[in-house]
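We're numbering straight along the sequence, starting at 1. Atoms within each ligand, like the ligands themselves, are counted from 1 in listed order. For clarity, every value in this text was computed on a predicted model and none was experimentally measured.
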Amino acid sequence: MWEIDRSYYVEFEETFQRLFDKKQMLDQGRPLPQSALQKIKESLTIEWTYNSNSIEGNTLSLRETQLVLQEGITIKGKSLREHFEVKNHEVAIAYLYSIVHDSYQLKSRDILTLHANVLRSIEEEFAGRLRNGGVRISGANFIPPNALKVPTLIDELIAFVHNNPLGLNTIELATIFHHKFVWIHPFFDGNGRTVRLVMNLLLMQAGFPPAIILKNDRKKYYEALNQANNGNYQKLILLMCQAVERTLNIYLNAFPGQEPYESIATIVSEPGTPYGQDYISLLARQGKIDAYKEGRNWFTTRQAIQDYIDNRQRKRQL
Ligand SMILES: Nc1ncnc2c1ncn2[C@@H]1O[C@H](COP(=O)(O)OP(=O)(O)O)[C@@H](O)[C@H]1O
Ligand SMILES: [Mg+2]
């Protein structure tokens, strides 16, 4: 259970390095003006709530989620339950922010509290309680372990995070945690929303901003989890790196003097671009250059492409 195939590592070495560099840039650049930070935090809270609930089946749009949270508006035609899901998730995030700090150590009690926040007033009988019976995950390639094993497995998972016996970096650790947690599937419901909160607890206590798994990536996310069930973490690591980088960029872009991100189509339309659109898009999808996806388009910077070229040249010379 606790042996991890890390063959993904070679492929992601440079990506990890880039993300840690960006985190360092963020650390050095702090503090951002309080008002800017507050704005980003609020918009991330809305995005995080929308995406995590939406993956789980909530039908409120991003805009409606914002209206519920910021204006206290009730959306016509949407159930009370869906409104609770939105408000509960915001409360859970607030709780998370209240406990996270540099030397925070993950505790099972906090996981249960986050879960209780997620299901409050919706499924009270399950809120904050480990399951005491079997579950199935639709579309999954396995059946979660027997309920009797859940408490021990969760304790082992928490110990794995604390001891980090394989010396995983924070992003790997959050990814493996994410997968093992939903594999154990400790709750009757709310596992997905809870794990996406707890994985961010791990990232944030290490100084990263929260990563948001996007609703648009739901299919990829489920595929990645199925592959992880078979011991292959490649896809899930990629998805996590993309999510982490997206939020890092949001913070970094708040600093004055950042080079603007442009769509790859725009960049290749200018003379002197060394690669074509297909190749740069491939590098972007594989996480090999600094890039992010918004809607259907990939955005990157000229500098990111130049960095990639320089890096390759350096490697060839070695
Ligand atoms: N094939 C899979 N293998 C492991 N976990 C999965 C798989 N498919 C989905 N999951 C996880 O299960 C979650 C759904 O479980 P559920 O308890 O209904 O959580 P929620 O109610 O928050 O959506 C998904 O968000 C995902 O994290
Ligand atoms: Mg559910």
Tell me which part of Val118 gets within contact of ligand 1: side chain, backbone, both or neither, using heavy atoms under 4.0 Å.
-> neither
Per-residue contact class, Phe142 against ligand 1 - non-hydrogen pairs under 4.0 Å = side chain
Return the set of residues passing side-chain hydrogen bond (donor to acceptor under 3.5 Å, both in side chains) with Arg129 (not counting sequence neighbours), or none when no residue passes.
-> none
Atom name of the N, O or S atom in Asp189 that lies nearest to the Mg ion (ligand 2) = OD1
Heavy-atom contact under 4.0 Å between His179 and ligand 1?
-> no
Answer yes when Arg246 and Glu47 have at least one side-chain N-carboxylate O distance shorter than 4.0 Å, and no when they do not.
-> yes
Answer yes or no for Tyr222: is there a heavy-atom contact with ligand 1 below 4.0 Å?
-> yes
Which of the atoms in ligand 1, numbered in the order shown and given with their element, are less than 4.0 Å from a heavy-atom of Asn226?
-> 1 (N), 2 (C)
Is ligand 1 under 4.0 Å from a heavy atom in the side chain of Arg196, in the backbone, in both, or in neither?
-> side chain
Does one side chain, of Asn249 or Glu245, offer a donor that lies under 3.5 Å from an acceptor on the other?
-> no
Sorted by first residue and then second, give each ring-ring contact (aromatic ring centres under 6.0 Å, His included) pair with at least one member in residues 299-318; sequence neighbours left out.
-> Tyr292-Phe299
Are side-chain N/O atoms of Arg63 and Gln66 paired as donor and acceptor at under 3.5 Å?
-> yes
Ile137 and ligand 1 - part of the residue with a heavy-atom distance under 4.0 Å = side chain
Identify, by atom number and element, the atoms of ligand 1 in contact range of Arg193, meaning under 4.0 Å from any of its heavy atoms.
-> 20 (P), 21 (O), 22 (O)
Pairwise side-chain contact, His115 with Leu119, heavy-atom cut-off 4.5 Å (strictly under) | yes
Using heavy atoms and a threshold below 4.0 Å, how should the contact between Trp183 and ligand 1 be classified: side chain, backbone, both, or neither?
-> neither
Distance only, no hydrogens: is a donor on one side chain within 3.5 Å (strictly under) of an acceptor on the other, for Asp110 and Tyr104?
-> yes
